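Predicted model only: the values in this text are computed from it and were never measured. Whatever order the structure lists ligands and atoms in, that order sets their numbers, starting from 1. Every heavy atom of this structure was used, including side-chain atoms; hydrogens, water molecules and symmetry mates were not.
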Amino acid sequence: MRKCFVLALLAGAPLWAQQYDLLLANGRVIDPKNGIDAVRDVAIRDGKIAAVEPEIDSRQAKQTLDVSGLLVTPGLVDIHTHLFHTTNIPDAWAGDNSVDPDSFSFRTGVTAMADAGSAGWRNFEFFRTTVIDRAETRVFAFINIAGLGMVSNMVEQGDFNPEEVARLAKKHRDVVVGVKTAHYEKPDWTSVDEAVKAGKLAGIPVMVDFGYFVPERPYWQLVTEHLRPGDISTHAFRGPVPWVDESGRLYRYLFEARRRGVIFDVGHGGGSFTWRNAVPAVRQGFYPDTISTDLHAGSRNGAMMDLPTTMSKFLAMGMPLAAVIRAATSKPAEVIHHQELGHLTPGAAADIAVFRILKGNFRFRDPFGGVFPGKQRLFCELTLKDGRVKWDWNSRTGIDYRKLDPLYGIREGEQLVRPPQ
Ligand SMILES: [Zn+2]
C-alpha cells in the first residue's frame, strides 16, 4: 500500500483522485433529518451520498456542478398522488384522473411518489405492471379498500376486502405502503374501519380521504377514535374539517389527535385546501405533518400546480423553511415506513433536489379562488435520482457547444452530405 502511495505522489496525482462521480458544490444544504442547514458540498459515488462536508476538493470528483446560491434538499417525497394513468385504455379498469409520474416528478424536485388508492385490490397488480414497474420515479402505492379503487366514486362505496388487501400488501411489500379509503358517502364508518382492519393485518398505515362529511360520523371522531397512531388523515385543510371555534382558536381535539400520533397530511388537490383553515392552523403553530399534492388531472393545472408551489404556500403562511422541507422529505418517508429515503446521510441513495428561492410578490390561490400573498417561491433547478441527473433546468451538466466535436450530433450510420459548392 505504502509503495503505491509513493508512486502516486511521484506521478503527481493523489491516490484519492476522482473518488467521487459528482460533486454539488457550495449549495445551502437543508437536511432536516440530520439537522443540517448550512453551506455544504455534497459528494456522490455509485448512486449514493458519499460525503456532506463544508469543503470537498473538486479535484476528487469526475464532475462538479456549482449550485451556489441555491437550496439543496433531499429529493421530495409526495405521499398523495394519482398515477394509474392507463385510464385511456378501454376497459382497463384504471384509476380515474391519474397522470404519468415521470411527467411531473423530477421537474418539481420529486423523486418518490405514493399513489393514494387509485387502484384497489382487484386491479392493483395491473397498476403495478403498467405503471409502477415502468416509472423512473420511485412509485409506491396505497391499495384502495374498494375492489376497483377510483374508477368512480360509485365503486368506492363497497366491495371492501381487508383480507385480500393485506395479502397483496404482503406480496408486494416493496411498493405497497398503506391502505386507502376515499369518497365514501354513507353515514357509517364501514369504509374507515375496514381499511383499518386491512392495515392491522398487513402492519401498514391507512390513509383516509373522509369523503362526504355527514353529521353521523363527525371528523373529530375519525382522528381521535378510529385512526391508529401512524394513520393518515389527508385533505386536512378541506372546507368541512372543523379547525377553529367561533373565537378563532384551534379546537382541542386536533391536539389530542396529534398526541395520539395521527398524521395530518395536506393532500391539496383540486378542492381539498382552504386558506380559511390552513392560515389559523399554521399561525397557531399546528403545522401539517406531511405536505403532499393530491396530484391528478383535475389539480395539476389548477391552484395546486405542484409540490414546490404547495410547499411555498406554507412558507407564505410562516412555516419555517426547514420545517417545510422536512414535511416533504424525511417525515413523509417515515410515514410510509421508507426511512431509507428523505435524507442525505452518507450511504443513502443520492436522491437530491436543488431549488432556487425566488423572491418577489407572489399570489397563491386555493381551489376556491381565495388568494394569500407570499414573498418567496421554491423553483426546482436540478433533480437527481440514484445520483443521476434527471432534471437540469439551467443546463449545469452541459458544456459550451464549441468545445464539443466539430461534427457532434451525427449518429453512427448517418453522414453529413455537403451540397456542391
Ligand atoms: Zn387523492
Side-chain angles (χ1 to χ4, degrees), residues 76-87 94-101 103-105 108 110 112-120 123-124 127 131-132 137 139-146 148-157 165 176-185 191-192 195 199 205-213 219 222 227 231-241 263-274 277-278 288-307 309-310 327-328 332 335-336 366-368:
L76 305 183
V77 179
D78 188 350
I79 60 166
H80 190 153
T81 60
H82 293 282
L83 311 173
F84 195 2
H85 66 106
T86 31
T87 321
D96 200 13
N97 281 328
S98 281
V99 299
D100 165 40
S103 302
F104 291 87
S105 57
T108 61
V110 176
M113 290 171 155
D115 177 279
S118 304
N123 51 2
F124 170 76
F127 176 41
V131 177
I132 297 176
T137 311
V139 176
F140 300 103
F142 289 79
I143 300 185
N144 204 307
I145 191 67
L148 290 173
M150 295 188 182
V151 169
S152 72
N153 279 15
M154 202 178 68
V155 307
E156 289 193 88
Q157 305 308 312
V165 168
V176 173
V177 294
V179 186
K180 178 82 185 292
T181 173
H183 310 137
Y184 194 60
E185 295 175 5
S191 80
V192 170
V206 166
M207 179 187 276
V208 175
D209 160 337
F210 202 37
Y212 293 78
F213 283 57
Y219 180 79
L222 172 74
L227 295 187
D231 286 341
I232 306 147
S233 170
T234 192
H235 306 319
F237 299 109
R238 262 196 79 191
V241 176
I263 303 298
F264 289 86
D265 174 56
V266 174
H268 186 303
S272 300
F273 174 85
T274 57
N277 282 336
D289 293 287
T290 50
I291 300 177
S292 68
T293 57
D294 189 14
L295 170 70
H296 56 72
S299 66
R300 60 186 167 185
N301 293 329
M304 189 284 290
M305 298 183 189
D306 54 36
L307 190 50
T309 303
T310 307
V335 166
I336 61 170
D366 71 20
F368 304 93

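In this structure, F273 and F237 have perpendicular ring planes: the angle between them is above 60°, well past the 30° mark.
Coordination check, H296 versus the Zn ion (ligand 1): failed, since every N/O/S atom of the residue sits at 2.8 Å or beyond. Among the backbone and side-chain atoms of H235, none of the N, O or S atoms lies under 2.8 Å from the Zn ion (ligand 1). Coordination check, D294 versus the Zn ion (ligand 1): passed, since an N/O/S atom of the residue sits under 2.8 Å.
P332 pairs by the side-chain contact (heavy atoms from CB on, under 4.5 Å) definition with V77, I79, T290, not counting sequence neighbours.
Under the side-chain contact (heavy atoms from CB on, under 4.5 Å) test applied with D231, the options I263, V206, V208 reduce to a single match, V206.
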Between D78 and T81, is the side chain to side chain donor-acceptor pair (under 3.5 Å) condition met? List the steps.
CA-CA 7 Å; D78 188 350; T81 60; 5.8 Å; no
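Centred on the Zn ion (ligand 1), the angle running from H80 (NE2) to H82 (NE2) is recorded as 110°, rounding to 10°.
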